[in-house]
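So the structure is just underneath, and the comments pick up after that.
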Amino acid sequence: MEPGWYKVGQFSSVFVGGMIGGVARYEVGNWLSTNTFAGTTFVNVVGCFFLTVTIYGLDLVIDLPEWIILGFGTGVIGAFTTFSTFALLFAQNIQQQPIETLWFLAINLIGGFITAILGYLTARLMDRGKKIW
């Protein structure tokens, strides 16, 4: 494949993945519409798990083509998770609801870290005799 076409393929996979991830994020927002904190926390924590599985499982264990990893990791998961909303909600609510906002911060950070570890352990289970490190 020529270099120019290769870049178009990568761009296209991220573009299509971003559309899928954005729609999924929108649907989760509708599903959890009663609480903005819950929707943002859910997508960020779940996104940490799936991005870790993608990097350590799909990429290193299964050895998928780069355009698929980019499309899923950067496109789908990047559009699904929402750091900007996380930061905005924290800044908007810290003075009016300090306790709830600090819980929101802690759950996102600690929950994201824990699910990233669980994602790594899941990737290790996917390992078929191939050493990850």
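Because the structure is a prediction, the values reported are computed rather than measured.
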>> Quick one, Phe37 with Trp103, criterion ring pair (Phe, Tyr, Trp, His ring centres under 6.0 Å). Give me CA distance, side-chain angles, the key distance, then yes/no.
In response: CA-CA 10 Å; Phe37 282 163; Trp103 273 109; over 10 Å; no

> Going through the checks in order, is the side chain to side chain contact (heavy atoms under 4.5 Å, CB included) test met by Thr101 and Gln96?
Replying inline: CA-CA 9 Å; Thr101 305; Gln96 292 84 14; over 6 Å; no

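Closest heavy-atom contact between Gly18 and Ala79: O-CB, 3.3 Å. Scanning both residues, Thr52 and Gly119, for their nearest heavy atoms gives CG2-C, 3.7 Å.
Linking Ile, Leu, Val, Met, Phe, Trp and Tyr residues whenever their side-chain heavy atoms come within less than 4.5 Å leaves Val76 and Phe83 in two separate clusters. No continuous path of ILVMFWY side-chain contacts below 4.5 Å connects Ile77 to Val23, so the two sit in separate hydrophobic clusters. Connection of Val43 to Tyr26 is not established within any shared hydrophobic cluster, with ILVMFWY side chains joined at heavy-atom distances below 4.5 Å, either directly or through further cluster members. In the hydrophobic clustering of this structure, Phe49 groups with Ile117; members are Ile, Leu, Val, Met, Phe, Trp, Tyr whose side-chain heavy atoms approach within less than 4.5 Å, directly or through other members. Linking ILVMFWY side-chain heavy atoms closer than 4.5 Å, directly or via other members, places Met19 and Leu51 in a single hydrophobic cluster.
Taking the six-membered ring where tryptophan is involved, the planes of Phe11 and Phe15 are essentially parallel, since the angle between them stays under 30° and well short of 60°.
Separation of atoms CZ (Phe72) and CD1 (Ile20) is listed at 9.5 Å; rounding is to 0.5 Å. To the nearest 0.5 Å, the span separating OG1 on Thr81 from CG on Asn44 amounts to 6.0 Å. Between Cys48 atom SG and Leu118 atom CG the span is 11.0 Å, to the nearest 0.5 Å. Remark: Leu89 CG to Thr82 OG1 distance equals 8.0 Å, nearest 0.5 Å. To the nearest 0.5 Å, the span separating CZ on Arg124 from OH on Tyr56 amounts to 11.0 Å.
Counting heavy atoms from C-beta on, the side chains of Leu102 and Ile94 come closer than 4.5 Å. In this structure the side chain of Thr115 never reaches within 4.5 angstrom of the side chain of Val46, judged on heavy atoms. Within the 4.5 Å cutoff, the side chain of Phe80 has heavy atoms near those of the Val28 side chain. In this structure the side chain of Arg25 reaches within 4.5 angstrom of the side chain of Thr40, judged on heavy atoms.
At most 12 non-hydrogen atoms from other residues, nucleotides or ligands lie less than 6.0 angstrom from CD of Gln95.
In this structure a side-chain-to-backbone donor-acceptor pair under 3.5 Å is present from Ser13 to Gln10.
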